[in-house]
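Each remark here refers to the structure printed beneath this line.
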Amino acid sequence: MNILVIIEHKNGVMHRMSKEAIAGAQKIGGNVTALVIGENSDSITDELSSFQIEKTLLVTNEKVTSYNVDGYKEIILQIVKVVNPEFIITGHTYQARDFMPRLSASLDIPFIPDLVSVENSSFTKQIMNSKLNASISSSSGPVLISFQSASFSEENISKGSSPLEKFEVSLDASNIRSTADEPFQESASEVDLESAELIVSVGRGIEKEENKSIAFDLAEVLGAEVSASRPVVDAGWLPSSRQVGSSGSTVSPKLYFSLGVSGAIQHVVGMKGSKNILAINKDPDAPIFEIADYAVVGDLLDIIPKLIEKLKDL
Amino acid sequence: MIINQKYMKIAVLVKQVIGSESALEISSDQKWIDESNATFVMNPPDNYAIEEAMQIKEKLGDGEVVIVSMGPQRVQKVIREGLSKGADRGIHIETQESKNIDPLEVAKNICHSIEQENFDLILSGLQSDDTGMGQTGVLIGELLNMSTATLAIETDIDQETIKVKRELESGWFQWVTLDSPSSVSIQSGINQPRYPSLKGIMGAKKKEIKVIAASIEDSKQNLDKIFVPQKSKETEVIDTDVDASVDRIVDILRSEIKAF
Ligand SMILES: Cc1cc2nc3c(=O)[nH]c(=O)nc-3n(C[C@H](O)[C@H](O)[C@H](O)COP(=O)(O)OP(=O)(O)OC[C@H]3O[C@@H](n4cnc5c(N)ncnc54)[C@H](O)[C@@H]3O)c2cc1C
Ligand SMILES: Nc1ncnc2c1ncn2[C@@H]1O[C@H](COP(=O)(O)O)[C@@H](O)[C@H]1O
């Protein structure tokens, strides 16, 4: 069985989730081919050559020097013809979200995304914002799949040695219908969540903007920073510099005290490294409790004001 | 015929999903949620897509915004919601059953129903809150031979060009310029969605919703079973009255975590 893993890289560094994808592909078992597209990739192909895989294919083309959805699609279609993979695998990164569906529609094969495990061609993914899991199977031959962050560990990659092959593609410029500017970061933020020791984090469970004072009061007595889930930022209640999660900061404080956060995976990836997770949620089945050390079931609007009083009296 | 350069015809794809406040009971066949006690809402990211479409039309001065949704009869509620926010008309691709459908099959049905419309722009939500497939808008873009972009957090559209600011991971962004026509998926937070006005709600009743029957041919991915995930971490559950909870939290903060 042939497996194609598409590698993502930036500034000469392989994406952590591409390594996890290799580990996952090795676990599925078969002839794993890694595909690297683009310039400035020597260190990536070097690293891949130390993995126990069939080979690495390197494609460089002047029309696709950096990521471009149309260029990637065209290149991968040509590779697929040669490799004939049963599985086309990536990490479930933002880049994969961008090009994998294009391949799915073009090849007329399913894209089963964001998997937490694969067992005998049964794929498990989270649904309902991480509250439930679903087993999905495919009725067609080849499938496109992507792995959720940390579903596999790069530490489990089997080492070995594997060859590098350059692969020539010819691209028709008229198929490339979008051009991308250089990636950039928004101006530096006023808060430094990443080095905070203690974090009080608020989710949509605070219910309205006025209630954020509860979080700030609690943070003040504890000497903590305040962070937020995405909906709180989207609503304009707190600035985006306070957002924790896949599109915000990744934090690992001594204490992550979450108030009314449900625990969707895109939030959890940003905080699951915290040493202690104390979560308050009124829903006993909230997914945040899966990863919490302490799960307080209750209404934060009742608990926190009393807690603040008590802490002030100590 | 005078061609108005500023005219833009925009489709917004809208999915109806089970609201996050609903109790999630697994159905007896274990293949989906028991919907009898569920409340349904518009998929949250799709609200942002509607708002963005309205703002683009308002900025260009002219155009048409069409709300497109596939699903059973009940999804007409979210189409109406879009119409009450100012969209011009709706297309309902009606399925007989309420169950989940393979995204590629959804995309093919939507394509089939909107192909003749020749939209300049299709906006979709980044992903649905129920199944989280995150692909339908892009699948449609590919099937209709459009340019595509995902995770749009800002748009800059004038007569000639469609520019989209894409969100990348960990606080990075990137502007992409797209050839028209284009299918773009919208990230939440791109705008502040408006609420329907009373006038909008009244006006929506008169707007057209065209109903087209869905035809599901084959399904390439099937949801076989739904289950509650197993816990992997040892957790102390504190489920008691407020005062006892507060006392235990103080104790944890002081003696176990040593937060102060
Ligand atoms: C590509 C992508 C990127 C994303 N990036 C991020 C990201 O970086 N960060 C992020 O956070 N999210 C991100 N999201 C969104 C994520 O999927 C979730 O939608 C989000 O994290 C949910 O936020 P929440 O828990 O605050 O809100 P909800 O899911 O609405 O949860 C609110 C919780 O509060 C509880 N609650 C309500 N009232 C009370 C009360 N009075 N007392 C106690 N508990 C109460 C409820 O039981 C519920 O569990 C992203 C999504 C996508 C698709
Ligand atoms: N049945 C549907 N009808 C209309 N739009 C849909 C449907 N399913 C998905 N979409 C659109 O595609 C987006 C992504 O959905 P998904 O690929 O299911 O995660 C949604 O936010 C909607 O904009």
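Chain letters run A, B, ... following the sequence lines, proteins first and then strands; every chain starts at 1.
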Notebook entry, point to check: Given the options B:Gln30, B:Glu234, B:Met146, B:Arg254, which has more heavy-atom pairs under 4.5 Å with chain A than any of the others?
Noted result: B:Met146
Margin query: If I measure from the heavy atoms of chain B, does A:Leu198 come under 4.5 Å with its side chain, its backbone, both, or neither?
Written below: side chain
Margin query: If the threshold is 4.0 Å, N to carboxylate O, is there a salt bridge linking A:Asp181 and B:Arg166?
Written below: no
Margin query: Tell me which of these, A:Ala279, A:Ala134, A:Ser262, A:Pro287, has more heavy-atom pairs under 4.5 Å with chain B than the rest.
Written below: A:Ala134
Item checked: Atom group of B:Ala259 that falls short of 4.5 Å from chain A, counting heavy atoms -> both
Margin query: So which residue, A:Ala224, A:Ser137, A:Ser130, ends up with the most heavy-atom pairs under 4.5 Å with chain B?
Written below: A:Ser137
Margin query: Counting C-beta onward and ignoring hydrogens, is there a side-chain heavy-atom pair between B:Thr148 and A:Phe99 closer than 4.5 Å?
Written below: no
Checklist line | Side chains of B:Trp172 and A:Lys10 in contact at under 4.5 Å (non-hydrogen atoms) | finding: yes
Notebook entry, point to check: Checking heavy atoms, do the side chain of A:Thr93, its backbone, both or neither come under 4.5 Å from chain B?
Noted result: both
Checklist line | More than 12 heavy atoms from other groups under 6.0 Å of CG on B:Asn37 | finding: no
Check: CG of A:Leu278 to CD1 of B:Ile257: how many Å apart, nearest 0.5 Å?
Finding: 5.5 Å
Check: Do B:Gln221 side-chain atoms and A:Phe111 backbone N/O form a donor-acceptor pair below 3.5 Å?
Finding: yes
Next item on the list: Go through B:Ser170, B:Ser180, B:Ser245 and name the one with the most non-hydrogen pairs under 4.5 angstrom from chain A.
Entry: B:Ser170
Margin query: Taking B:Lys258's backbone N and O only, do any of them form a donor-acceptor pair with A:Lys254's side chain (distance below 3.5 Å, no angle check)?
Written below: yes
Margin query: Nearest 0.5 angstrom please: B:Phe260 CZ to A:Leu311 CG, how far?
Written below: 5.0 Å
Next item on the list: Could you tell me whether B:Lys99 atom NZ has more than 12 heavy atoms of other residues or ligands within 6.0 Å of it?
Entry: no
Margin query: Given heavy-atom pairs under 4.5 angstrom as the criterion, report whether the side chain, backbone, both or neither of B:Glu169 touches chain A.
Written below: both
Next item on the list: Please look at A:Asp283 and chain B and tell me whether the side chain, the backbone, both or neither of the residue comes under 4.5 angstrom of a heavy atom of that chain.
Entry: neither
Margin query: Using 0.5 Å steps for rounding, measure from the CG atom of A:Asp302 to the CG atom of B:Asp241.
Written below: 11.0 Å
Check: Between the main-chain N or O of B:Leu178 and the side-chain N or O of A:Arg177, is there a donor-acceptor pair closer than 3.5 Å?
Finding: no
Note to self: Side chains of A:Asp98 and B:Thr150 only: does a donor on one sit below 3.5 Å from an acceptor on the other?
What the structure shows: yes
Checklist line | Donor on one side chain, acceptor on other, B:Asp224 and A:Ser135, under 3.5 Å | finding: no
Check: Which bit of B:Leu144 is near chain A, if near means a heavy-atom gap under 4.5 Å: side chain, backbone, both or neither?
Finding: neither
Item checked: Portion of A:Phe257 that has a non-hydrogen atom of chain B nearer than 4.5 angstrom -> side chain
Check: Which region of A:Lys275, side chain (C-beta onward) or backbone (N, CA, C, O), has a non-hydrogen atom less than 4.5 Å from a non-hydrogen atom of chain B, or is it both or neither?
Finding: neither
Notebook entry, point to check: Is it the side chain or the backbone of A:Lys306 that comes within 4.5 Å of chain B heavy atoms, both, or neither?
Noted result: both
Item checked: Straight-line distance of A:Lys131 NZ to B:Asp129 CG, nearest 0.5 Å -> 8.5 Å
Note to self: With heavy-atom distances below 4.5 Å as the criterion, would you say the side chains of B:Phe173 and A:Gln185 are in contact?
What the structure shows: no
Item checked: Max heavy-atom pair count under 4.5 Å with chain B, selected residue of A:Leu255, A:Ile112, A:Asp285 -> A:Ile112
Note to self: Taking side chain as everything from C-beta outward and backbone as N, CA, C, O, which of these in A:Val69 sits under 4.5 Å from a heavy atom of chain B? Side chain, backbone, both or neither.
What the structure shows: side chain
Notebook entry, point to check: Does the side chain to side chain donor-acceptor pair (under 3.5 Å) test come out yes or no for A:Asp234 and B:Ser188, once each step is laid out?
Noted result: CA-CA 7 Å; A:Asp234 287 347; B:Ser188 66; 2.7 Å; yes
Next item on the list: Heavy-atom distances under 4.5 Å only: say whether A:Leu307 touches chain B with side chain, backbone, both or neither.
Entry: both
Notebook entry, point to check: Side chain, backbone, both or neither: which part of B:Thr136 has a non-hydrogen atom closer than 4.5 Å to chain A?
Noted result: neither
Margin query: Does any part of the side chain of B:Leu104, heavy atoms only, come nearer than 4.5 Å to the side chain of A:Asp108, both counted from C-beta?
Written below: yes
Margin query: Between B:Met133, B:Gln187, B:Lys31, who has the most heavy-atom pairs with chain A when the cutoff is under 4.5 Å?
Written below: B:Gln187
Item checked: Heavy-atom side-chain contact between B:Arg248 and A:Tyr294 under 4.5 Å -> yes
Check: Does A:Arg97 come within less than 4.0 Å of B:Glu167, counting only side-chain N to carboxylate O?
Finding: no
Margin query: Pairing donors with acceptors under 3.5 angstrom, does anything connect the side chains of A:Tyr67 and B:Gln174?
Written below: no
Notebook entry, point to check: What option among A:Ala235, A:Gly223, A:Pro284, A:Ser249 has the most heavy-atom pairs under 4.5 Å with chain B?
Noted result: A:Ala235
Next item on the list: For the pair A:Gln243 (side chain) and B:Gly171 (backbone), establish whether a donor and an acceptor sit closer than 3.5 Å, ignoring hydrogens and angles.
Entry: no
Notebook entry, point to check: For A:Ser247, is it the side chain, the backbone, both or neither that has a heavy atom under 4.5 Å from a heavy atom of chain B?
Noted result: both
Next item on the list: Quick one: which of B:Asn222, B:Leu151, B:Ile162, B:Val138 has the most heavy-atom pairs under 4.5 Å with chain A, could you say?
Entry: B:Asn222
Next item on the list: Would you mind reporting whether B:Val237 and A:Val297 have side-chain heavy atoms less than 4.5 Å apart?
Entry: yes
Check: What part of B:Ile33 is in contact with chain A, defined as an atom under 4.5 angstrom from a non-hydrogen atom: side chain, backbone, both or neither?
Finding: side chain
Check: At a heavy-atom separation under 4.5 Å, does A:Ile109 approach chain B through its side chain, its backbone, both, or neither?
Finding: backbone
Margin query: For the CD1 atom of A:Ile127 and the CG atom of B:Leu223, what is their distance to the nearest 0.5 Å?
Written below: 6.0 Å
Next item on the list: Name the option with the most non-hydrogen atom pairs under 4.5 Å to chain B; the candidates are A:Gly248, A:Gly270, A:Gly298, A:Ser106.
Entry: A:Ser106
Check: Does atom CD of A:Glu209 have more than 12 heavy-atom neighbours from other groups under 6.0 Å away?
Finding: yes
Check: Does the B:Thr235 side chain pair with the main chain of A:Asp293, one donor and one acceptor, at a distance under 3.5 Å?
Finding: no
Note to self: Do A:Pro113 and B:Gln135 make a side-chain contact, defined as non-hydrogen atoms from C-beta onward lying under 4.5 Å apart?
What the structure shows: yes
Notebook entry, point to check: Which value, rounded to the nearest 0.5 Å, describes the distance between A:Leu132 atom CG and B:Thr131 atom OG1?
Noted result: 12.5 Å
Next item on the list: Show your reasoning for whether side chain to side chain contact (heavy atoms under 4.5 Å, CB included) applies to B:Val176 and A:Asn68.
Entry: CA-CA 9 Å; B:Val176 293; A:Asn68 169 293; over 6 Å; no
Item checked: Structural part of B:Asp243 lying under 4.5 Å from a heavy atom of chain A -> side chain
Item checked: Heavy-atom contact with chain B under 4.5 Å, split by part of A:Leu103 -> neither
Checklist line | Interface moiety of B:Leu253 toward chain A, non-hydrogen atoms closer than 4.5 Å | finding: side chain
Margin query: Within the structure provided, determine whether B:Ile226 and A:Asn133 are in side-chain contact (heavy-atom separation under 4.5 Å).
Written below: no
Check: What part of B:Gln230 is in contact with chain A, defined as an atom under 4.5 angstrom from a non-hydrogen atom: side chain, backbone, both or neither?
Finding: backbone
Margin query: If I measure from the heavy atoms of chain B, does A:Lys272 come under 4.5 Å with its side chain, its backbone, both, or neither?
Written below: neither
